[in-house]
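The structure under discussion appears below in the form of structure tokens.
Computation of the quantities below employed the complete heavy-atom set of this structure, encompassing side-chain atoms and omitting hydrogens, waters and symmetry-equivalent molecules.
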Amino acid sequence: MIRQELLARQLDEGIAAHFEVGRRLRVLDVGLGEGNQSLRLVRAGHQVTGLESDPALLDRVRGSLEREPEGIRERFRVVPGSGQDTGAHFLPGTFDVVLCHDVLDQARDPHSTLAGLARVLDAGGLLSVVIPNVTARAMRPGLAGDWQGTLRALGGPAAEGAEDPDRFLRLESLTSFLARIGVPLVRWYGVGVFAPGAAEDAENAENAEARVDAEERAGRTDPYRAVAASLHLCGARG
């Protein structure tokens with residue numbers, strides 16, 4: 001998937017900037033999902049713990065692990081639970097890298113979830129957070145010609161004093177909160193600037209590679225990254 005390739009490149013850039021080459025890292029993946037990034041990292045030699053609350057997804061990841069060599073299986077631990085449970089499972093400073101991809105917008109309490117993730121991050125560690133880009137949610141239906149969907153995404157005029165339900169997920173709010181919990185933002189990217197979710201099977205290898213390269217470049221360039229479907233924020237423990 002192009003999305004996973006983009007996240008991999010961005011994550012590898014953050015890891016290379018914060019850790020010496022060849023260091024084996026302790027990684028926590030909260031909201032493991034199908035384990036795309038975790039499996040890639042454990043194959044690269046890192047020690048990975050995956051936290052996931054969906055039993056079906058846990059079974060899928062365990063099934064994938066069974067097909068891996070024994071050395072990889074030994075470095076990958078799967079734990080049932082959610083991002084709210086990090087304090088119950090892990091001591092402060094347990095991990096060098098914490099992934100929180102497509103989880104925060106589903107959390108019951110995103111503030112405490114993010115604070116808990118920062119707590120288990122060791123000094124010098126890297127926090128990787130992927131969220132939907134709520135500021136530009138009308139872009140996708142608009143580009144697809146879905147004008148009713150575009151109008152719904154744009155919403156009506158905000159009532160004076162009304163609470164913004166997505167306020168915490170906005171880049172400026174998260175930047176401020178990350179600084180307060182001791183993992184200030186060091187870089188951010190857009191993920192899926194041009195055509196996220198578009199069919200890939202019909203593309204030949206050359207076009208697919210060009211598409212990934214174009215998405216990667218746009219995802220780190222203003223003003224394009226600001227209208228991507230998702231945002232990838234990287235914070236670092238001082």
Note to self: Evaluate Val61 against Leu57 for side-chain contact (heavy atoms from CB on, under 4.5 Å), listing each step before the verdict.
What the structure shows: CA-CA 6 Å; Val61 172; Leu57 289 174; 5.5 Å; no

Next item on the list: Could you give me the CA-CA distance, side-chain angles and deciding distance for Asp166 and Arg137, then say whether side-chain contact (heavy atoms from CB on, under 4.5 Å) is met?
Entry: CA-CA 11 Å; Asp166 297 320; Arg137 59 159 54 102; 2.9 Å; yes

Next item on the list: For side-chain contact (heavy atoms from CB on, under 4.5 Å), just list the numbers for Leu114 and Phe168, CA-CA rounded to whole Å, side-chain angles, deciding distance to a tenth of an Å, and then say yes or no.
Entry: CA-CA 11 Å; Leu114 204 52; Phe168 184 68; 4.1 Å; yes

Check: Hey, mind stepping through Thr86 and Arg119 against side chain to side chain donor-acceptor pair (under 3.5 Å) and telling me if it holds?
Finding: CA-CA 9 Å; Thr86 52; Arg119 175 178 172 275; 5.9 Å; no

Next item on the list: Take Glu66 and Arg62 through the test salt bridge (Lys or Arg N to Asp or Glu O under 4.0 Å) and record every step on the way to the result.
Entry: CA-CA 6 Å; Glu66 289 177 0; Arg62 289 175 176 134; over 6 Å; no

Margin query: Could you walk me through whether Arg180 and Ser176 satisfy the side chain to side chain donor-acceptor pair (under 3.5 Å) test, starting with their C-alpha distance in whole Å, then the side-chain angles of each, then the deciding distance to 0.1 Å, before giving a yes or no?
Written below: CA-CA 6 Å; Arg180 292 203 301 275; Ser176 175; 3.0 Å; yes

Next item on the list: Determine, stepwise, if the pair Phe194 / Glu215 fulfils side-chain contact (heavy atoms from CB on, under 4.5 Å).
Entry: CA-CA 7 Å; Phe194 298 117; Glu215 287 278 10; 3.6 Å; yes

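Residues Ala236 and Val186 come closest through the heavy atom pair CB-CG1, 3.9 Å. Taking every heavy atom of both residues into account, Gln84 and Ala107 meet most closely at OE1-CB, 4.3 Å.
At a threshold of 4.5 Å between non-hydrogen side-chain atoms, the residues Arg26 and Val97 do not count as touching. For the pair Cys234/Leu126, a side-chain contact is recorded, criterion being any heavy-atom separation below 4.5 Å from C-beta on. Proximity of Leu51 to Ser82: side-chain heavy atoms (C-beta onward) are nowhere separated by under 4.5 Å. Residues Val191 and Gln10 are in side-chain contact: their nearest non-hydrogen atoms beyond the backbone lie under 4.5 Å apart. Inter-residue side-chain proximity for Leu39 and Ser64 is flagged as met; some heavy-atom pair is nearer than 4.5 Å. Counting heavy atoms from C-beta on, the side chains of Leu28 and Thr94 never come closer than 4.5 Å.
When only modelled atom types and interatomic distance are considered, Thr150 and Arg140 share no side-chain donor-acceptor pair under 3.5 Å.
Between Arg9 and Asp213 there is a salt bridge, since at least one side-chain N of the basic residue sits less than 4.0 Å from a carboxylate O of the acidic one. Using a cut-off of 4.0 Å between Lys/Arg side-chain N and Asp/Glu carboxylate O, Asp12 and Arg40 are scored as salt-bridged. Arg220 has a carboxylate O that lies under 4.0 Å from a charged side-chain N of Glu13, or vice versa, which qualifies the two as a salt bridge. In summary, Asp102 and Arg3 engage in a salt bridge, as defined by a charged side-chain N under 4.0 Å from a carboxylate O.
Other residues, nucleotides and ligands contribute more than 12 heavy atoms inside 6.0 Å of the CZ atom of Phe19. With a 6.0 Å radius and a threshold of 12 heavy atoms from other residues, nucleotides or ligands, Arg73 has its CZ atom above the threshold.
Judged by distance alone, the side chain of Glu52 and the main-chain N or O of Pro80 form no donor-acceptor pair under 3.5 Å. At distances below 3.5 Å, not a single donor-acceptor pair connects side-chain atoms of His46 with backbone N or O atoms of Val42.
Under a hydrophobic clustering in which Ile, Leu, Val, Met, Phe, Trp and Tyr are joined whenever their side-chain heavy atoms come within less than 4.5 Å, directly or via other members, Val79 and Leu58 fall into different clusters.
Taking CD of Gln4 as the reference point, atom CG of Asn36 lies at 4.0 Å (rounded to 0.5 Å).
The only option from Asp96, Val21, Leu41, Val27 that meets the side-chain contact (heavy atoms from CB on, under 4.5 Å) definition with Ile15 turns out to be Leu41.
Aromatic ring orientation, Tyr189 versus His232: tilted (interplanar angle from 30° to 60°).
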